[in-house]
> 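The structure under discussion is supplied below as structure tokens; questions concerning it will follow.
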Amino acid sequence: MININSSPIILDGRHVANEVLKNVKIEINEIKANGKRVPGLAVVLVGNDPASETYVGSKEKKSIELGIYSEVYKLLDTTTEEELINIINLLNANTNIDGILVQLPLPKHLNTEKVIGNIHPSKDVDGLHPYNLGKLIAGERCLKPCTPLGVMEILKQYSIDIQGKKAVVIGRSILVGKPISLLLLDKNATVTIAHSKTQNLEDVCREADILVAAIGKPRFVKKDWIKKGAVVIDVGINRILENDKGKLVGDVDFENVSPLCKAITPVPGGVGPVTIAMLMSNTLEAYKMRSEE
Ligand code: GUN
């Protein structure tokens with residue numbers, strides 16, 4: 001029931017993430033108790049982008065907390081494509097590794113598609129290999145990108161109706177916008193993908209029962225773009241300077257938009273923590289799928 005006069009539900013990503021992680025941990029403990037090899041995750045970082053370093057650090061920490069075997073490769077930003085692909089091939093062949101994640105964005109001299117294309121699809125825990133993206137379109141079991149999975153997990157844990165609803169996704173990236181659209185479609189939403197060339201974007205957004213913002217522009221979505229009672233999912237993580245202080249803000253003008261919403265994710269504490277939890281869950285999924293082969 002939409003209750004637009006009460007406070008919005010703040011969709012607590014940390015709580016959602018903890019639920020996911022709790023279940024991953026139970027399964028890993030069972031694997032250990034049976035004396036089996038634990039799942040393994042390798043994360044590869046090229047260069048020294050501070051945000052990427054932070055994300056990679058969080059992924060390593062979370063893996064270790066859960067009892068996932070973890071390897072992290074920190075490579076110089078002068079690393080060649082050949083060197084990077086050689087490392088990926090070693091990880092493809094390493095039987096202790098179930099998941100390989102190459103942190104994006106890569107330095108400009110490296111071809112992202114070619115690099116990702118060299119990850120074995122069974123170890124592609126980012127779900128970005130063309131094989132997995134093809135399976136996603138076909139609606140078959142596959143590894144799916146972590147942020148879109150995280151968005152779906154938030155909607156699921158908060159029992160938000162998707163079937164028959166109008167969903168608008170702003171952003172068409174391979175990492176976020178396109179896969180989220182497919183997952184929402186799979187749950188029978190009527191999905192519109194909006195982007196930088198969309199005409200009358202505000203009008204398009206005002207139609208949305210579920211609005212997903214994945215643009216990468218701080219506080220881009222304004223209050224008069226929102227249908228009253230909408231569910232708003234903010235995928236953006238933008239670092240800005242405000243009053244001489246560094247701050248993280250989303251793609252949505254949370255302060256002004258939230259009073260209109262039925263439910264909304266905050267930044268930080270919304271989609272971000274769930275993305276990491278889904279990476280852990282994907283590593284376990286890759287382990288199970290490889291064990292079944
Ligand atoms: N950089 C920002 N988000 C992601 C992600 O989900 N996967 C990878 N590999 N890099 C990212």
Side-chain angles (χ1 to χ4, degrees), residues 13 16-17 20 41-63 70-75 77 79 84-85 87-88 91-92 97-108 110-121 123-133 136 142-154 169 171-183 212-218 233-239 248 250-251 265 267-268 270-283 285-286:
V16 172
V20 173
L41 173 65
V43 177
V44 182
L45 171 65
V46 187
N48 44 18
D49 173 66
S52 291
E53 282 183 342
T54 307
Y55 294 141
V56 168
S58 310
K59 290 167 186 175
E60 182 181 21
K61 185 165 164 246
K62 203 50 84 185
S63 301
S70 163
E71 288 186 7
V72 176
Y73 293 78
K74 292 189 177 171
L75 309 179
D77 61 2
T79 303
L84 179 55
I85 290 173
I87 290 176
I88 291 174
L91 294 169
N92 283 337
I97 295 295
D98 302 283
I100 303 169
L101 181 140
V102 176
Q103 185 67 28
L104 301 176
L106 284 170
K108 289 208 166 42
L110 300 171
N111 179 335
T112 304
E113 276 171 32
K114 189 169 171 201
V115 169
I116 300 293
N118 273 277
I119 297 173
H120 193 281
K123 297 192 177 188
D124 169 37
V125 279
D126 249 337
L128 294 179
H129 190 287
Y131 175 89
N132 284 316
L133 291 172
L136 178 62
C142 62
L143 293 166
K144 302 181 183 80
C146 302
T147 302
L149 276 181
V151 170
M152 299 309 287
E153 185 66 27
I154 292 170
V169 177
R172 54 177 157 178
S173 73
I174 278 289
L175 200 60
V176 183
K178 281 185 196 166
I180 286 181
S181 306
L182 289 169
L183 294 175
V212 181
I215 314 139
K217 290 189 180 164
I233 306 288
D234 190 349
V235 178
I237 303 178
N238 307 289
R239 281 154 220 273
L248 279 187
D251 290 349
T265 56
V267 177
V271 176
V274 194
T275 295
I276 296 197
M278 300 324 287
L279 173 64
M280 301 300 124
S281 156
N282 264 0
T283 303
E285 173 74 358

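When a ligand or atom number is given, it counts from 1 through the structure's own listing order.
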> Sort out the contact shell of ligand 1: every protein residue with a heavy-atom distance below 4.0 Å, listed by chain and number.
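Under the 4.0 Å cut-off, ligand 1 touches Leu101, Val102, Gln103, Leu104, Asp126, Leu175.
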> Testing Val102, Leu143, Val115, Leu104 one by one against Leu128 for a side-chain contact (heavy atoms from CB on, under 4.5 Å), which residue passes?
Leu104
> Does atom CD (Glu113) have a neighbourhood of more than 12 heavy atoms from anything else shown, all under 6.0 Å?
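Not more than 12 within 6.0 Å, no.
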> Name all residues meeting the side-chain hydrogen bond (donor to acceptor under 3.5 Å, both in side chains) criterion together with Thr275; count only those two or more places apart in sequence or in a different chain, and write none if there are none.
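Partners of Thr275 by the side-chain hydrogen bond (donor to acceptor under 3.5 Å, both in side chains) criterion, ordered by chain and then number, come out as Thr147.
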> Which of these, Val212, Val151, Val16, Ile237, sits in a side-chain contact (heavy atoms from CB on, under 4.5 Å) with Val271?
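Filter result, single survivor: Val151.
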> For Asp124 and His129, indicate whether the former's side chain and the latter's backbone hold a donor-acceptor pair under 3.5 Å.
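Yes; at least one donor-acceptor contact below 3.5 Å.
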> Looking at every non-hydrogen atom in both residues, tell me the closest pair between Ile215 and Asp251 and how far apart they are.
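Closest heavy-atom pair between Ile215 and Asp251: N-OD2, 2.7 Å.
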